[in-house]
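Beneath this line is the structure, given in structure tokens, with notes to follow.
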Amino acid sequence: MFTGIVTDMGRVRKVEQTARDRRYEIETRWDTAGIELGASVSHAGCCLTVTEKGQNPDGGGWFAVEVSGETLSKTTLGGWKAGDAVNLERAARLGDELGGHIVSGHVDGLGRVLSVTPEGGSHRIEIEAPAPLHRYIAAKGSITVDGVSLTVNTVEGRTFGVNIIPHTWENTTLGALKAGDAVNLEIDMLARYLARWQETA
């Protein structure tokens, strides 16, 4: 489980197609000596398992993850290339401060950025959600966009708006978004179970 609070903006350093899936190496400022093999890490909102790791001589380190074809086709990860920035968050532990909201790391669908507009010191981003996912996004509710926990400000049809404060703008990949970009969306956990309940009622 995660909280949607990004703790490092890593970078893809290598992409390799394997016999099974696709392997990514991710550079990070984290001390990877403290990351166990098999640990879960959120990558732009997608939970992946660490399969290999190493330390850089000049500080920081890197780790590797393998991504299945299903994940590549249903998230933005399929378009990653060397040099791309990635929002990273390690799995939450009991006793950690829950600064965002409860996030599973399971991407529900791809949204499309419609506009990015400066608003005071912040930025307002309008995103179009795919049907029927838009039905579970509510004003003042929580949503995860590329792994970042955000509060939904407005909802109109399939479009919702979020406000990005300067800290988040500067320390996550959201600061580089532009109209037309795809983003990973995860709806609020409560909405996920409510949706399932309605399907089976």
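Just so it is clear, the model here is predicted, and its values are computed rather than measured.
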Expected output: side-chain Asn87 to main-chain Thr173 donor-acceptor under 3.5 Å: yes
Side-chain heavy-atom pair Phe160, Glu126 within 4.5 angstrom cut-off: no
Test item: Pro130 and Leu185 side chains (from C-beta on) under 4.5 Å apart, heavy atoms: yes
Side chain Thr75, main chain Thr71, donor-acceptor under 3.5 Å: yes
Any donor-acceptor N/O pair, Asp8 side chain to Arg29 backbone, under 3.5 Å: yes
Backbone N/O of Phe2 and side chain of Glu89: donor-acceptor pair under 3.5 Å: no
Side-chain donor/acceptor of Glu186 to backbone N/O of Ile143, under 3.5 Å: no
Heavy-atom check, side chain of Ile187 versus side chain of Ile137, under 4.5 Å: yes
Test log, rule salt bridge (charged side-chain N to carboxylate O under 4.0 Å, His left out), inputs Glu25 and Arg13: CA-CA 6 Å; Glu25 289 184 5; Arg13 80 169 196 169; 2.7 Å; yes
Asp146 side chain reached by Leu174 side chain, heavy atoms, under 4.5 Å: yes
Donor-acceptor pair, side chain of Thr172 and main chain of Trp169, under 3.5 angstrom: no
Contacts table for residues 111-121: side-chain donor-acceptor under 3.5 angstrom, sequence neighbours left out:
unit_1: Arg112; atom_1: NH2; unit_2: Glu128; atom_2: OE1; d: 3.1

Over all atoms of both residues, closest heavy-atom pair of Ala139 and Asn153: CB-O, 3.9 Å
Heavy-atom side-chain contact between Ile127 and Thr159 under 4.5 Å: no
Main-chain N/O of Asp21 paired with Gln17 side-chain donor or acceptor, under 3.5 Å: yes
Exercise: do Thr76 and Asn184 side chains pair donor with acceptor under 3.5 Å: yes
Test salt bridge (charged side-chain N to carboxylate O under 4.0 Å, His left out) applied to Lys53 and Glu36, step by step: CA-CA 9 Å; Lys53 63 178 183 176; Glu36 298 292 333; 5.4 Å; no
Side-chain heavy-atom pair Ser40, Cys47 within 4.5 angstrom cut-off: yes
Shortest non-hydrogen contact between Ala85 and Arg11, atoms and distance: N-NH1, 3.9 Å
Rounded distance (nearest 0.5 Å) linking atom CG of Asp181 with atom CD1 of Ile125: 9.5 Å
Flag if over 12 foreign heavy atoms under 6.0 Å of CD, Glu156: no
Main-chain N/O of Thr51 paired to Glu66 side chain as donor or acceptor, under 3.5 Å: no
ILVMFWY clustering at 4.5 Å (side-chain atoms), partners of Val41: Val12, Val15, Tyr24, Ile26, Trp30, Ile35, Leu37, Leu48, Val50, Phe63, Val65, Val67, Leu72, Leu77, Trp80, Val86, Leu88
Note, Gln55 side chain near Thr32 side chain (heavy atom, < 4.5 Å): yes
Closest contact, heavy atoms only, Val155 versus Val152: CG2-CG1, 3.6 Å
Considering all heavy atoms, the nearest Gly161-Arg124 contact: CA-NH2, 4.1 Å
Closest heavy-atom pair and its distance - Ile164, Ser122: O-CB, 3.2 Å
